Colleague: 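I have a structure I would like to understand better, so I am pasting it below and will then ask my questions one at a time.
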Amino acid sequence: MKSIAFVFTRAPHGSSSGREGLDAALATAALCEQVSLFFIGDGVLQLTAGQQPEKVLARNYIATFGVLPLYDVEHCYLCAQSLAERGLTPESERVLNAEVLESAALRARLAEADHILTF
């Protein structure tokens with residue numbers, strides 16, 4: 001079975017990239033068993049709890065990350081360096097449980113994927 005990795009690199013609500021990536025991940029997870037998500041750079045902000053996108057007239061899609069376990073998406077990874085650069089900690093509250101990895105370990109996990117889609 002082929003494995004597919006979705007890499008989120010952009011902050012939420014500044015573009016439709018995060019929402020489109022989430023929609024693609026959900027659709028793929030319905031058809032494929034090996035789906036993993038990676039959050040790198042500004043993408044680590046996608047999972048931050050307590051966002052209020054309605055204040056900037058944006059749609060709140062962040063809560064939808066919480067349904068990924070229902071689609072058997074259990075492999076979610078956050079870049080430790082990206083969190084630190086944005087003043088976040090591994091213990092910060094998130095809408096989805098994700099494993100925090102150092103850059104080298106994250107790259108190694110990403111290299112295991114057969115296909116990589118970046119959003």
Side-chain angles (χ1 to χ4, degrees):
M1 169 74 49
K2 298 280 184 179
S3 62
I4 301 174
F6 290 86
V7 180
F8 293 83
T9 61
R10 295 189 179 166
H13 315 305
S15 72
S16 62
S17 181
R19 186 177 66 245
E20 290 170 358
L22 177 58
D23 290 345
L26 289 169
T28 303
L31 302 171
C32 179
E33 292 181 15
Q34 295 180 329
V35 174
S36 56
L37 276 61
F38 294 81
F39 299 88
I40 301 169
D42 285 340
V44 298
L45 302 172
Q46 292 283 343
L47 299 182
T48 302
Q51 297 184 42
Q52 299 175 334
E54 61 280 352
K55 292 193 176 192
V56 294
L57 304 176
R59 183 177 146 219
N60 187 5
Y61 68 90
I62 299 298
T64 309
F65 278 107
V67 303
L68 285 167
L70 298 175
Y71 286 79
D72 294 325
V73 176
E74 299 169 355
H75 303 286
C76 299
Y77 307 101
L78 286 162
C79 176
Q81 284 80 1
S82 297
L83 287 173
E85 289 169 0
R86 285 148 188 85
L88 300 171
T89 66
E91 296 80 25
S92 297
E93 187 178 351
R94 296 187 184 79
V95 296
L96 176 69
N97 289 329
E99 184 178 351
V100 177
L101 297 175
E102 296 298 323
S103 294
L106 190 102
R107 284 191 303 271
R109 292 275 171 97
L110 189 56
E112 295 171 0
D114 294 313
H115 300 283
I116 300 171
L117 301 169
T118 303
F119 291 89

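The structure presented is a predicted model; accordingly, all values stated were derived computationally and were not measured.
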Colleague: Taking all atoms of both residues into account, what is the closest heavy-atom pair of Ala29 and Val73, and its distance?
Modeller: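 Heavy atoms only, the tightest pair is CB-CG2, 3.5 Å.
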Colleague: Answer yes or no: is there a side-chain heavy-atom contact under 4.5 Å between Asp42 and Arg86?
Modeller: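 Counting from C-beta outward, Asp42 and Arg86 do come under 4.5 Å.
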Colleague: Assess whether atom CD of Glu54 is packed by more than 12 heavy atoms of other residues, nucleotides or ligands within 6.0 Å.
Modeller: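 For Glu54, atom CD is crowded (more than 12 foreign heavy atoms under 6.0 Å).
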Colleague: Enter the distance from Leu110:CG to Thr118:OG1 here, rounded to the nearest 0.5 Å.
Modeller: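 Going from CG on Leu110 over to OG1 on Thr118, the span is 7.5 Å.
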Colleague: Distance from Phe6 atom CZ to Leu117 atom CG, nearest 0.5 Å?
Modeller: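 The CZ atom of Phe6 sits 5.0 Å away from the CG atom of Leu117.
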Colleague: Answer yes if Ile40 and Leu83 sit in the same cluster of Ile, Leu, Val, Met, Phe, Trp and Tyr residues linked by side chain heavy atoms under 4.5 Å apart, and no otherwise.
Modeller: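 Looking at the clustering, Leu83 is in a separate group from Ile40.
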Colleague: Side-chain heavy atoms nearer than 4.5 Å, only ILVMFWY residues, links allowed to pass through others: does that put Leu70 and Leu26 together?
Modeller: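 Yes: a chain of side-chain contacts under 4.5 Å links Leu70 to Leu26.
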Colleague: Determine the minimum heavy-atom distance between Gln46 and Gly18, stating which atoms define it.
Modeller: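 For Gln46 and Gly18, the tightest heavy-atom pair comes out as NE2-CA, 3.6 Å.
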Colleague: Any side-chain heavy-atom pair from Gln34 and Lys2 closer than 4.5 angstrom?
Modeller: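 No. Closest side-chain heavy atoms not under 4.5 Å.
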Colleague: What's the spacing between Leu88 CG and Leu78 CG if we round to 0.5 Å?
Modeller: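 It comes to 9.0 Å.
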Colleague: Ring-plane angle category for Phe65 and Phe8, please: parallel below 30°, perpendicular beyond 60°, tilted otherwise.
Modeller: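 Perpendicular: the ring planes of Phe65 and Phe8 meet at over 60°.
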Colleague: Is atom CZ of Arg10 surrounded by more than 12 heavy atoms (other residues, nucleotides or ligands) closer than 6.0 Å?
Modeller: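 Incorrect, the count does not exceed 12.
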Colleague: With a cut-off of 6.0 Å (strictly less than), are more than 12 heavy atoms of other residues, nucleotides or ligands near CD of Glu85?
Modeller: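 More than 12 within 6.0 Å, yes.
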Colleague: What distance separates Ser17 OG from Leu22 CG, expressed to the nearest 0.5 Å?
Modeller: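 That separation rounds to 11.0 Å.
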Colleague: Looking only at side-chain N and O atoms, does Tyr61 offer a donor or acceptor that is under 3.5 Å from a partner on Gln51?
Modeller: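 Per modelled atom types, Gln51 and Tyr61 side chains form no pair under 3.5 Å.
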Colleague: So, the side chain of Glu74 versus the backbone of Pro69: is there a donor-acceptor pair under 3.5 Å, distance only?
Modeller: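 Side chain of Glu74 to backbone of Pro69, a donor-acceptor pair under 3.5 Å: no, none is there.
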Colleague: If you look at every heavy atom in Leu47 and Ala98, which pair is closest and at what distance?
Modeller: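 Here Leu47 and Ala98 meet closest at CD1-CB, 4.1 Å.
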Colleague: Ala24 and Phe119: which non-hydrogen atoms are nearest, and at how many Å?
Modeller: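 Heavy atoms only, the tightest pair is CB-CZ, 3.9 Å.
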Colleague: Got a second to check how far Arg94's CZ is from Cys76's SG, nearest 0.5 Å?
Modeller: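 Result: 11.5 Å between the selected atoms.
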Colleague: Between Ile62 and Pro53, is any pair of side-chain heavy atoms under 4.5 Å apart?
Modeller: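 Sidechains of Pro53 and Ile62: no contact.
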Colleague: Is it the case that one hydrophobic cluster holds both Phe38 and Ile116, taking links as side-chain heavy atoms less than 4.5 Å apart, direct or via other members?
Modeller: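 Hydrophobic grouping puts Phe38 with Ile116.
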Colleague: Does one hydrophobic cluster hold both Leu96 and Val67, with members joined at side-chain heavy-atom distances below 4.5 Å?
Modeller: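 Yes, Leu96 and Val67 fall within the same hydrophobic cluster.
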Colleague: Shared ILVMFWY cluster between Val100 and Leu37, side chains joined below 4.5 angstrom?
Modeller: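 Yes: a chain of side-chain contacts under 4.5 Å links Val100 to Leu37.
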Colleague: Considering only residues two or more places apart or on different chains, which pairs with a residue in residues 18-31 satisfy side chain to side chain donor-acceptor pair (under 3.5 Å)?
Modeller: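 Residue pairs with at least one partner in residues 18-31: Ser16-Glu20.
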Colleague: Please name the pair of heavy atoms, one in Ala11 and one in Leu45, separated by the smallest distance, quoted to 0.1 Å.
Modeller: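 For Ala11 versus Leu45, the nearest heavy atoms are CB-CD1, 4.1 Å.
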Colleague: What are the two closest non-hydrogen atoms of Asp114 and Ser3, and how far apart are they?
Modeller: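 Closest approach of Asp114 to Ser3: OD2-N, 2.9 Å.
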Colleague: Just verifying a value: how many Å separate Arg109 CZ and Glu99 CD, rounded to the nearest 0.5 Å?
Modeller: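 That separation rounds to 5.0 Å.
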